[in-house]
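One structure is given below, encoded as structure tokens.
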Amino acid sequence: MNKKPDSAGLTHAGAGTRAVWGGEQGGHPYNATQTPIVASAAYAYDDIDVWYDVALGKAPGFIYSRMSNPTVETLEAKIRQLEQAESAVAFSSGMAAISSVLYTFLANGDRVVSTKDSYGGTNKIFEEFLPRMGVQVTLCETFDHVEIEAQIAKGCRVLYLETPTNPTLKILDIQRLVAAAKRVGALVVADNTFATPLNQNPLALGVDVVIHSATKFLSGHGDVLGGLVCGSETLMAQVRHYREINGASLDPFSAYLIIRGIKTLVLRMRQQQHSARALADYLCTEALVESVNYPGLPSHPNHSVAAAQMRGFGAIVSFVLVGGMDTVKVLLPRLRFAHCAGNLGAVETIYGPARTTSHVENTLEERLALGISEGLVRVSVGIEDTDDLLADLQQAFAYVRRVREEPPVSLAHLASHPSGAEVAS
Ligand SMILES: *Cc1c(COP(=O)(O)O)cnc(C)c1O
């Protein structure tokens, strides 16, 4: 007999409990405690009538793993529990999820309203691919809610939101913009990657479709790509149909890694957010930093909105360095407890400039038009000890200061030989 909690039994459990037990129905072969990786492209039936019933959805079961797979379904059930959604659909990457949602719901002649700040790949879909299909896209100034409302009021099929934004950490007032969208009958889609389901549940704020890049905090270990979409059964049936035919399905090995990662999401985020706040506070005092973006700072322009719609402020901080890219090139290689890489949300701390991370797809002109300066650095704070991360950043800034004060050697020279002048201890 299966004594594992069913979905109903989990509804009132805390997020940490839902992260561990969500979707875990038990009843595995050999009494295994862990969800098996079902590595099978197809599922066999000797009874052709049963096979046909399963194919028609009249009986439970699996036909072909592009359409559904038991390991992937466990992951879908888990994210459903975390976002308190009726239904969920998994994809092979966050971008596969985002593009598939947009292509599911948009057709020639439709209009999308969104903001200038959004993940670089999403911005490319808006600027390059949707216009090509005859979809009109209007990207508003992210801080200007009045302009966004005015554009929505002109009529649109989809309102697309990302909050907090990557890498600028701007905050959109979800409930306010949902209200404007409902007045014109628009579908509201939100990228919840930065917040994670622990800090923000857009469905509860009226959003119709929530998207996650599971590559980031959900999997949490920087070793897998995946995307997840949540919403009502009706909307997800359409998204699932699009996935079945267009084929950006998640493989069961990746699904297993994401399931495993999600179980520790609460513990990781607790530590990561704590350190993120400490780093943000320090960066505010650092003379070589022009500005710091973190929604948890009372000085953040939309801190009060963030405080109202989020339970925590996340583990991403971004800041603009005095001296632009020259300073970036000296500071980043000097960090000891950090990867310089184009990922985020992993257990290791990761630093990167927008040029090579979130907006690698964009030209310099496009980045500047989006308000992304060359000195903007994003840090995804890991689970290392807070004091170590602070000390690491402080020693790297001390090094930049020494380099800037040492006349004959140029910054550009040091940047190409980061350990040439002084070897890290
Ligand atoms: C990384 C990211 C994506 C894209 O996800 P992939 O898994 O890399 O395809 C989308 N939105 C946000 C906010 C992201 O950080």
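Remember, it's 1-based here, ligands and their atoms both numbered in the order they're listed.
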task: Look at the side chain of Thr165 and the backbone N and O of Glu162, then say whether any donor-acceptor pair between them is shorter than 3.5 Å.
output: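 Not confirmed, Thr165 side chain does not pair with Glu162 backbone.
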
query: Is His212 reaching over with its side chain to a backbone N or O of Gly94, donor-acceptor style, under 3.5 angstrom?
result: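 Such a contact is absent between His212 side chain and Gly94 backbone.
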
- request: Compute the centroid of each ring, for Phe194 and then for Phe217, and state whether the two points are separated by less than 6.0 Å.
  value: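 No, too far apart.
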
When you measure from [atom] to every protein heavy atom, which one gives the shortest distance, and what is it?
atom	value
atom 9 (O) of ligand 1	Met95 N, 2.8 Å
atom 5 (O) of ligand 1	Ser213 OG, 2.9 Å
atom 2 (C) of ligand 1	Lys216 NZ, 2.4 Å
atom 6 (P) of ligand 1	Gly94 N, 3.3 Å
atom 4 (C) of ligand 1	Tyr119 CE2, 3.5 Å

For [X], counting its heavy atoms only, list the atoms of ligand 1 lying under 4.0 Å from any of them.
X	result
Phe194	15 (O)
Asn166	14 (C), 15 (O)
Thr215	6 (P), 7 (O)
Asp191	10 (C), 11 (N), 12 (C), 13 (C)
Glu162	13 (C)
Ser93	7 (O), 9 (O)

I'd like to know if [X] pairs up with [Y] as an ion pair, taking the criterion as any Lys NZ or Arg NE/NH1/NH2 lying under 4.0 Å from an Asp or Glu carboxylate oxygen.
X	Y	value
Glu127	Lys116	no
Arg401	Glu286	yes
Glu24	Lys263	yes

- request: Pick one of side chain, backbone, both or neither for how Ile211 approaches ligand 1, counting any non-hydrogen atom pair under 4.0 Å.
  value: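 Looking at Ile211 and ligand 1, no heavy atom falls under 4.0 Å.
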
query: Relative to each other, are the rings of Phe313 and Tyr294 parallel, tilted or perpendicular (30° and 60° limits)?
result: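 Ring orientation, 0 to 90° scale: perpendicular.
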
- prompt: Once the angle between the rings of Phe319 and Phe397 is folded into 0 to 90°, is it parallel (under 30°), tilted (30 to 60°) or perpendicular (over 60°)?
  reply: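 The rings of Phe319 and Phe397 sit tilted, inter-plane angle from 30° to 60°.
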
